[in-house]
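First the proteins, then the strands, lettered A, B, ... as listed; each starts at 1.
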2 protein chains.
Amino acid sequence: MGLTKTEIFTQEQNQLAQLLKAMAHPARIAILQQIISANACICGDLVDELGLAQATISQHLKELKNAGIIQGTIEGVSVCYCINPDTWKLLESQIGDFLKLYKGSANCC
Amino acid sequence: MGLTKTEIFTQEQNQLAQLLKAMAHPARIAILQQIISANACICGDLVDELGLAQATISQHLKELKNAGIIQGTIEGVSVCYCINPDTWKLLESQIGDFLKLYKGSANCC
DNA sequence: TTATTGTATCGCAATATTACGATAAGCAGA
DNA sequence: TCTGCTTATCGTAATATTGCGATACAATAA
């Protein structure tokens, strides 16, 4: 059926899954790394940096924006992107909490 | 074309994307939480806990196993699953490093 | 006005994911 | 052996993702 049954999971589980999914693509990881390493808003020179077509980059940017991870501001002709600090903080706490659940205990298997 | 161009990204980017993708589904997050909260190997009572069909759960477990996040041991009739500590550590360091890149600096947008 | 430039969107093709019923495979007990 | 139990796999349907050419759109420059 290809459609996730979100209604049977908690809000937290769905939210975390959505954030992870938004980052679960090498191109989107590369885009985020570029944005961060520029340490500022980056205007769309991403097409030259990565080896993907402009339409493809634009689509990945859209997905990151939909997830709230980045935000774009129109700067004259071009658009500048930067990390959304609130979402990034949320991401850190949600993933952090989740990863901390496992303490390496339990001698099994 | 529906096929990710892995060859233009670094090994790290592809690996992190793959790990994130394996967890980027609420059902798989729920499964991992169950396994961890049991603080031991969990035999397949997951079908009763989550509201998904047995075939679906088995498929999600397979994906988590393929990603190396969990491991399964045959325990007589049933199979016991637990976290793979090595992969979990890798996960923590990879995601941790990635999230730490952004320091909330840059007054932008 | 007419380029030009930077992005977004459309539409398509190829492939992947999600979910599940049906069924198979493996093991333990009667 | 036969039966029941647990898990894996197959096949299928519905939907999502990925990538890109073509094109539209908005803002500036000539």
Side-chain angles (χ1 to χ4, degrees), chain A residues 1-9 13-14 17-31 34-35 41-67 69-82 109, chain B residues 1-9 13-14 17-31 34-35 41-67 69-82 109:
Chain A
M1 311 191 162
L3 148 138
T4 301
K5 283 189 158 180
T6 53
E7 70 274 10
I8 65 173
F9 303 105
Q13 289 168 337
N14 284 317
Q18 210 182 341
L19 287 172
L20 290 175
K21 193 165 151 191
M23 299 198 304
H25 191 287
R28 295 199 286 273
I29 290 176
I31 288 172
Q34 285 277 336
I35 291 179
C41 289
I42 204 172
C43 298
D45 13 312
L46 292 162
V47 180
D48 301 318
E49 304 288 343
L50 315 180
L52 290 172
Q54 183 267 327
T56 309
I57 300 282
S58 184
Q59 204 171 260
H60 283 304
L61 286 168
K62 189 182 174 187
E63 279 181 67
L64 287 170
K65 219 177 348 180
N66 281 343
I69 299 178
I70 64 171
Q71 54 199 186
T73 319
I74 297 165
E75 190 86 17
V77 188
S78 50
V79 179
C80 287
Y81 293 99
C82 63
C109 303
Chain B
M1 308 190 167
L3 143 140
T4 301
K5 282 189 159 182
T6 52
E7 69 274 11
I8 66 172
F9 303 106
Q13 289 168 336
N14 284 315
Q18 210 182 341
L19 286 172
L20 289 174
K21 194 165 151 192
M23 300 197 305
H25 191 286
R28 294 198 286 273
I29 290 176
I31 287 173
Q34 285 278 336
I35 291 179
C41 287
I42 203 173
C43 299
D45 12 312
L46 292 162
V47 181
D48 301 319
E49 304 289 343
L50 314 180
L52 290 172
Q54 182 267 327
T56 309
I57 301 282
S58 185
Q59 206 171 257
H60 282 305
L61 287 168
K62 190 182 173 186
E63 280 182 65
L64 287 170
K65 222 180 342 182
N66 282 343
I69 298 178
I70 62 171
Q71 53 198 186
T73 319
I74 297 164
E75 191 86 15
V77 187
S78 50
V79 179
C80 287
Y81 293 99
C82 63
C109 303

Contact state string [nucleotides 21-30 of chain C, B base, S sugar-phosphate only, - no protein heavy atom under 4.0 Å]: BB----SS--
Rounded distance in Å - [atom1] ([X]) to [atom2] ([N]):
X: B:Leu50; N: C:dC20; atom1: CG; atom2: C1'; value: 15 Å
X: B:Gln59; N: C:dA16; atom1: CD; atom2: C1'; value: 11 Å
X: B:His60; N: C:dA16; atom1: NE2; atom2: P; value: 18 Å
X: B:Ile31; N: C:dA19; atom1: CD1; atom2: P; value: 10 Å
X: A:Asn66; N: C:dT9; atom1: CG; atom2: P; value: 9 Å
X: A:Ile57; N: C:dA8; atom1: CD1; atom2: P; value: 11 Å

Which donor-acceptor pairs under 3.5 Å do side chains of residues 20-28 of chain B form with protein atoms, sequence neighbours excluded?
residue, atom, partner, partner atom, Å
B:His25, ND1, B:Ala27, N, 3.0
B:His25, NE2, A:Thr4, OG1, 3.4
B:Arg28, NE, B:Ala22, O, 2.6
B:Arg28, NH1, B:His60, ND1, 3.0
B:Arg28, NH2, B:Lys21, O, 3.3

Pairwise 5' ranking along DNA chain C for A:Leu3 and B:Leu3, keeping only the more 5' one: B:Leu3
5′-ward residue of the pair A:Leu61/A:Lys21 relative to DNA chain C: A:Leu61
Touch class at under 4.0 angstrom, heavy-atom based, for B:Thr4 against every strand present: sugar-phosphate
Quick check on [X]: does its [atom1] atom have over 12 non-hydrogen neighbours (other residues, nucleotides or ligands) under 6.0 Å away?
X: A:Glu75; atom1: CD; result: no
X: B:Gln34; atom1: CD; result: yes
X: A:Gln18; atom1: CD; result: no

Residue whose closest nucleotide on DNA chain D lies nearer the 5' end, A:Glu63 versus B:Gly44: B:Gly44
DNA chain D: 5'-proximal contact among A:Leu52 and B:Val79 (nearest heavy atom): B:Val79
Outermost nucleotides of DNA chain D that come under 4.0 Å of a non-hydrogen atom of chain B: D:dC5 to D:dC20
Got a second to check how far [X]'s [atom1] is from [Y]'s [atom2], nearest 0.5 Å?
X: B:Ile69; Y: B:Ile35; atom1: CD1; atom2: CD1; value: 10.0 Å
X: B:Ile31; Y: B:Glu63; atom1: CD1; atom2: CD; value: 9.5 Å
X: B:Asp48; Y: B:Gln54; atom1: CG; atom2: CD; value: 11.0 Å

Nearest atoms (heavy-atom pairs only) where A:Leu52 meets A:Val47: O-CG1, 3.7 Å
Heavy-atom pair with the smallest gap, counting every atom of B:Thr6 and B:Asn14: O-ND2, 3.0 Å
Close side-chain approach of B:Leu50 to B:Thr56, heavy-atom, < 4.5 Å: no
Set of residues satisfying side-chain contact (heavy atoms from CB on, under 4.5 Å) with respect to A:Ile74, sequence neighbours excluded: A:Val79
Residues that B:Lys65 engages under side-chain contact (heavy atoms from CB on, under 4.5 Å), provided they are two or more places apart: B:Ile70, B:Tyr81
Presence of A:Lys62 side-chain N/O under 4.0 Å of C:dT7 phosphate oxygens OP1/OP2: no
C:dG6 OP1/OP2 closer than 4.0 Å to side-chain N/O of A:Ser78: no
Angle of first-five versus last-five pair axes in the helix from C:dT1-D:dA30 to C:dA30-D:dT1, to 10 degrees: 10°
